[in-house]
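Okay, so here's the structure we're looking at.
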Amino acid sequence: MDDQSSPPLSSLTSSWGIPRTALSFQHYDATAQHPGMQFHIYDECARLYGTQHTWMAFLDGDEFLEVLDPNESLLSILHELEQDARVGALGMNWRLHSSAGLLTRPESVRKAFTQCVADPEEPVLALDALPRFKDNRLIKSVVRTAVYKSSTTAHYFKTGNGTYTVGEHGDVVEDGIGIRQPITRDRLAVHHYTVKSRAQYEEKMGNWVNDKGWSYWDHIEGLPQEECLEMTRYEEP
């Protein structure tokens with residue numbers, strides 16, 4: 001789902017390592033804009049393609065899904081969840097990567113950004129006590145398409161027929177903006193390269209419609225950091 005990219009993303013697939021036949025594109029130009037465009041695109045994706053799939057993951061281009069147990073796959077975990085008709089979505093905690101001190105764009109995102117934001121010392125806080133930026137407490141979702149209703153945020157989705165979102169251990173994620181605590185990544189993690197290098201973040205701000213600005217950069221860079229090499233193990237396409 002491509003919102004006003006120039007050139008369109010569909011023209012840039014040769015280096016992705018994914019067969020072109022496995023990809024579908026919807027390009028939205030300036031004449032096809034809607035209020036809350038991101039959420040409109042989510043709903044359109046479910047409307048256009050939901051009947052072709054049992055599950056649909058709502059991930060961004062700077063997010064990478066990691067399955068931690070070599071004896072599992074995302075497919076096997078989803079098949080496990082399918083046995084419970086009450087499960088409408090799977091919520092997986094973020095693992096936020098910082099700039100790792102880089103000023104300019106590196107050759108490889110996964111090989112270069114090897115510093116992550118540490119999880120908060122307080123494993124659980126009341127929702128009204130959470131800080132402005134929720135960081136690793138936030139989830140990204142894989143939604144069962146048969147019960148998809150709408151997106152609440154980029155993290156949490158409304159599902160029908162009395163279903164709810166669960167975490168990797170079957171724990172229920174509270175209805176809301178997509179907070180899962182305590183944070184666990186025993187089976188699944190979503191690595192989010194949220195700022196990248198300083199130059200890339202500055203470029204991103206030029207195309208970013210939000211109110212974060214440099215305060216978000218300062219926030220991420222100012223949090224306790226830890227080395228995270230998990231994604232460097234995988235070969236580039």
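Hydrogens, waters and symmetry mates are skipped; everything else that's a heavy atom, side chains included, is used.
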With a 3.5 Å distance limit and no angle check, can you tell me whether [X] reaches the backbone of [Y] through a side-chain donor-acceptor pair?
| X | Y | result |
| --- | --- | --- |
| R180 | I183 | no |
| Q33 | D29 | yes |
| T159 | G88 | no |
| Q38 | A154 | no |
| T153 | H155 | yes |
| S108 | K111 | yes |
| Q83 | H79 | yes |
| K134 | P131 | yes |
| Q200 | S197 | yes |

Side chains of [X] and [Y] in contact at under 4.5 Å (non-hydrogen atoms):
| X | Y | result |
| --- | --- | --- |
| T232 | T114 | yes |
| I77 | E168 | no |
| L68 | D186 | no |
| P7 | L12 | yes |
| R20 | S10 | yes |
| H169 | T184 | yes |

Exceeds 12 heavy-atom contacts within 6.0 angstrom, atom CD of Q52: yes
E202 atom CD: more than 12 heavy-atom contacts under 6.0 Å: no
Flag yes if [X] and [Y] sit in one hydrophobic cluster, no otherwise; membership is Ile, Leu, Val, Met, Phe, Trp, Tyr, and two members link when side-chain heavy atoms are under 4.5 Å apart.
| X | Y | value |
| --- | --- | --- |
| V190 | L90 | yes |
| L125 | V173 | no |
| L102 | L229 | no |
| V147 | L78 | no |
| I220 | F133 | yes |

Test log, rule side chain to side chain contact (heavy atoms under 4.5 Å, CB included), inputs Y156 and I177: CA-CA 6 Å; Y156 190 86; I177 63 172; 5.8 Å; no
If you measure from [atom1] on [X] to [atom2] on [Y], what distance do you get to the nearest 0.5 Å?
| X | Y | atom1 | atom2 | result |
| --- | --- | --- | --- | --- |
| L188 | S73 | CG | OG | 9.5 Å |
| R86 | L81 | CZ | CG | 11.5 Å |
| T13 | I18 | OG1 | CD1 | 9.0 Å |
| L103 | Y201 | CG | OH | 15.5 Å |
| T54 | R144 | OG1 | CZ | 8.5 Å |
| D62 | F113 | CG | CZ | 11.0 Å |

Trace of the side chain to side chain contact (heavy atoms under 4.5 Å, CB included) decision for W16 with L23: CA-CA 11 Å; W16 290 7; L23 298 168; 3.9 Å; yes
H34 versus A32, closest heavy-atom pair with distance: CD2-O, 3.3 Å
Under a 3.5 Å threshold, yes or no: a donor from one side chain and an acceptor from the other, between [X] and [Y]?
| X | Y | result |
| --- | --- | --- |
| E122 | Q181 | no |
| R185 | N93 | no |
| H191 | E63 | no |
| T163 | N161 | no |

Sequence neighbours excluded - side chain to side chain donor-acceptor pair (under 3.5 Å) pairs with any residue from residues 217-227: R95-E226, S98-Q225, S99-E221, D135-H219
Among I139, N136, T194, the one residue meeting side-chain contact (heavy atoms from CB on, under 4.5 Å) with W94: N136
Residue among D3, D2, L9 satisfying side-chain contact (heavy atoms from CB on, under 4.5 Å) with H27: D2
Steps toward side chain to side chain contact (heavy atoms under 4.5 Å, CB included) verdict (Y193, M231): CA-CA 11 Å; Y193 295 84; M231 297 307 290; 3.3 Å; yes
Side chain to side chain contact (heavy atoms under 4.5 Å, CB included) between D43 and S151, worked out: CA-CA 7 Å; D43 293 342; S151 54; 3.8 Å; yes
Salt bridge flag under 4.0 Å for residues K140 and D60: yes
Presence of salt bridge, R187 and E66, under 4.0 angstrom: no
Test: R110 cationic atom under 6.0 Å from Y234 six-membered ring centre, within 45° of axis: no
Criterion salt bridge (Lys or Arg N to Asp or Glu O under 4.0 Å) on K158 and D175, from CA distance to verdict: CA-CA 8 Å; K158 291 285 189 182; D175 188 6; 2.9 Å; yes
Under 4.5 Å side-chain linkage, directly or through intermediates, the cluster mates of Y148: M1, Y28, M37, F39, I41, Y42, L48, Y49, M56, F58, V143, F157
